[in-house]
4 protein chains.
Amino acid sequence: MTSLHETPAPACDAAALDALAAFGRFAAARGWVPATAGNFSVRLDAAHAVVTRSGIDKGNVGADDVAVVPLAGPIPAGMSAETPLHLARYRADARVGAVVHVHTLAATVLSRADRAAGAVRFAGFEMQKALAGITTHDAVVELPIFDNDQDTAALAERVEARLATSGVPGYVLAGHGLYAWGATMNDARRHLEGLEFLLACTLEERRIAR
Amino acid sequence: MTSLHETPAPACDAAALDALAAFGRFAAARGWVPATAGNFSVRLDAAHAVVTRSGIDKGNVGADDVAVVPLAGPIPAGMSAETPLHLARYRADARVGAVVHVHTLAATVLSRADRAAGAVRFAGFEMQKALAGITTHDAVVELPIFDNDQDTAALAERVEARLATSGVPGYVLAGHGLYAWGATMNDARRHLEGLEFLLACTLEERRIAR
Amino acid sequence: MTSLHETPAPACDAAALDALAAFGRFAAARGWVPATAGNFSVRLDAAHAVVTRSGIDKGNVGADDVAVVPLAGPIPAGMSAETPLHLARYRADARVGAVVHVHTLAATVLSRADRAAGAVRFAGFEMQKALAGITTHDAVVELPIFDNDQDTAALAERVEARLATSGVPGYVLAGHGLYAWGATMNDARRHLEGLEFLLACTLEERRIAR
Amino acid sequence: MTSLHETPAPACDAAALDALAAFGRFAAARGWVPATAGNFSVRLDAAHAVVTRSGIDKGNVGADDVAVVPLAGPIPAGMSAETPLHLARYRADARVGAVVHVHTLAATVLSRADRAAGAVRFAGFEMQKALAGITTHDAVVELPIFDNDQDTAALAERVEARLATSGVPGYVLAGHGLYAWGATMNDARRHLEGLEFLLACTLEERRIAR
């Protein structure tokens, strides 16, 4: 059996680049990647992913704005500090084909408001069915919250330890933003859109319920 | 007299597809169909409608994304679980030519907040005149709220029983979203836009009135 | 001297149609003309204006969607019920070259909230300088509020009686929407945008100040 | 050594115009330059900048809509009253290559709400890292607030006196709007987007925290 480190690095294929660029345009149009924030990735094979580089305009992703990264590292220069969070997802679950991370207002504010609880809870929303494996609104969904940490390798370990028992395809970093993933980029985007809608509705309910 | 079941199924014509695609682009631009949510339909004849399929990107509806469905069933595979709600509207009222369903924040939040009252009430808004048959702001409009239910056939029966005496061309499902209809797709869209505006204003009034 | 009624009706020129269509696209993109709401006009000469017809998609105004209307009437069939409010502005002030009316959330909600006061008051905003004749933020601007009325001819009389002493190029109808005007369509749009920004900021201050 | 006044005025180059036009389209799409508000500039050399003219549509900036202005003055006719605030930034810091000013709702409202405190304070947001020199969320960022003043030359002096000890690449004028700058237009835009996101999140926290 060949170890991950011995796998020759594949090139970024056109489909992967198209998926990253299309998601970037979508996210930028909604204002979810302000100030070059956010990063997205697509799995290439069992040992590699294509990840957006740091500091680029996420609404206009081209071939020079992404890099092929071995899941086991090392991470090339010029990548986002959050790349370890992406790689950890691919290593932990072979079904994960795409990971997206954006900065939305609702995710940022609710992840701070509910940090002590460790999760944002949703119940009774039809939109919960946008998440893979959920077939009814009549359930409670817990979106995990993690404290933000500039040591993203350590953060990735804490995240993955908890995700092992979470059935939800996403999490929030407190004061930072929202992560979501799926078997394909379409699935990752659907999960992200669904979670953001649930967060936005929940934030609105806090505004009128006090 | 020929029964509904014996009517040969017509093909989806270009006008119907154009109407569904144009409405989809409109709804997607406003963020009303997140995570592939929402579904739309157009009546083809006395016994058939064209309905969007489940799980597709509602902002980019093509010929493969819709299906001709007999109003009396059976419903083909791959259709949205909410297709019975569309079909019931066409069966109940021969004047209905188009039905649209979207997930907006205001509809989702207010349908939960006012569920016990069974309706969201609007009064004194000029926008009430966007609804067919209403000619003054000086009236009370009651938008019915129904409890959400994954058994959409049973839900459709409850909905239609109440709609028989409601003059409003729309309703909300609690925690789920907004339905509207009209003689044409333009009418359905005008009703939807008008109801959404009324919901958004009402939500805003809750924010500042407490 | 020729009376207004004897003036031969001029044709709608290309510049007027372009101005109306461009404003319509702008307003539709911002969601200010939902459900075919809103209407806009441009003065053609001392006795005529071009006004958008009723019930059309205001984001896609073409030559068939406007009509030349004598300022002194009669109003042709198919025009908006609010046409008298436009005509009265042109008759009352020869400097008025364009009138625009839209339905925004902030205008609708604040015009209801402050109806008893008869005006929405702004003070200390730099944006007040967007209004013709205002050169400092250090002033109080009063945007008149009028009760809505389906008898728009009577409403126009009440509006004009008060506007004779108002220096502000706009007003709101309670629960209905915002009117603004100017010497040119650019001026009318600038006034509308400025007033809407002031309304939106004021509404936001109500949200956080309670 | 040649004094600033003796430097021959360079022409506006295509790159500078492109940067101003592109930023204008970006800002207009977000609604940050309503009613022709806002102004942007790019440094040309040690003694000159290109600045947008007053009263133009900031979403459609062409060659006639900008002017080369000596940093030491005099300011040509037709420029925004806020031009001195731009020039003072370039004179005070040779590293500043672009300055942008927009009117956003969050900046306008929070600059009024926190005027007595003299600053809007942010802490614990990952987005703080969008600001040059900040490498962690675990810090406090103080965005200076200045009272608005129609005497912008005097205002520029007060602003620069305080900025000498502020590490933040932006400030707000109370009831007026947001300024940001950077070594390049990309940097200025990133700072502006980051500060606006922080302001919007902070405003949202005020809504739900009372």
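In what follows, chains are A, B, ... by sequence order, proteins preceding strands, each numbered from 1.
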Exercise for the section: Flag the pair D/Val68 / D/Leu44 as yes when at least one side-chain heavy-atom distance between them is below 4.5 Å, and no otherwise. Expected result: yes
Practice task
Measure from the side-chain N and O atoms of D/Ser111 to the backbone N and O of D/Gly175, and report whether any donor-acceptor pair falls under 3.5 Å.
Solution key: yes
Practice task
Indicate yes or no: does A/Asp114 engage A/Arg206 in a salt bridge with an N to O separation below 4.0 Å.
Solution key: yes
Handout entry: Residues of residues 149-169 of chain D within contact distance of chain A, non-hydrogen under 4.5 Å
Key = none
Exercise for the section: Mark yes or no for whether D/Arg91, through its side chain, and D/Leu71, through its backbone, hold a donor-acceptor pair below 3.5 Å. Expected result: yes
Practice task
Identify the residues of residues 123-140 of chain D whose heavy atoms come closer than 4.5 Å to a heavy atom of chain A, ordered by number, or report 'none'.
Solution key: D/Ala123, D/Gly124, D/Phe125, D/Glu126, D/Met127, D/Lys129, D/Ala130, D/Thr135, D/Thr136, D/His137
Handout entry: Intermediate values then yes/no, side-chain contact (heavy atoms from CB on, under 4.5 Å), A/Leu143 and A/Leu199
Key = CA-CA 10 Å; A/Leu143 179 67; A/Leu199 287 164; 4.0 Å; yes
Handout entry: Side chain D/Arg53, main chain D/Ala67, donor-acceptor under 3.5 Å
Key = no
Completion exercise
Scanning both residues in full, the closest heavy-atom pair of A/Pro70 with A/Leu87 reads O-CD1, 3.7 Å
Practice task
Output, in order, the C-alpha distance, side-chain angles, deciding distance and verdict of side-chain contact (heavy atoms from CB on, under 4.5 Å) for A/Leu173 and A/Leu85.
Solution key: CA-CA 11 Å; A/Leu173 299 178; A/Leu85 295 165; 4.1 Å; yes
Exercise for the section: Name the region of A/Leu203, side chain, backbone, both or neither, that has any atom closer than 4.5 Å to a heavy atom of chain D. Expected result: both
Practice task
Please work out whether the ring planes of D/Tyr179 and D/His86 are parallel, tilted or perpendicular, with thresholds of 30° and 60°.
Solution key: perpendicular
Practice task
Under 4.5 Å, heavy atom to heavy atom: which of residues 11-43 of chain D reach chain A? Give them by number, or say none.
Solution key: D/Arg30
Would you tabulate the side-chain donor-acceptor contacts of residues 100-107 of chain D under 3.5 Å, counting partners in other chains and residues two or more places apart, or write 'none'?
residue  : atom : partner  : partner atom : Å
D/His101 : ND1  : D/Leu178 : O            : 3.0
D/His101 : NE2  : D/Glu82  : OE1          : 2.8
D/His101 : NE2  : D/His103 : NE2          : 3.3
D/His101 : NE2  : D/His176 : NE2          : 3.2
D/His103 : ND1  : D/His176 : O            : 3.4
D/Thr104 : OG1  : D/Ala107 : N            : 3.1
D/Thr104 : OG1  : D/Glu196 : OE1          : 2.7

Problem - Test side-chain contact (heavy atoms from CB on, under 4.5 Å) applied to A/Trp181 and A/Leu192, A/Val96, A/Asp187, the passing residue - result: A/Val96
Problem - Candidate pair A/Asn186 and A/Arg190, rule side-chain contact (heavy atoms from CB on, under 4.5 Å), full reasoning - result: CA-CA 6 Å; A/Asn186 276 351; A/Arg190 190 183 74 247; 6.0 Å; no
Exercise for the section: First locate atom CG of D/Leu198, then atom CZ of D/Arg121, and finally report the distance between them rounded to the nearest 0.5 Å. Expected result: 14.5 Å
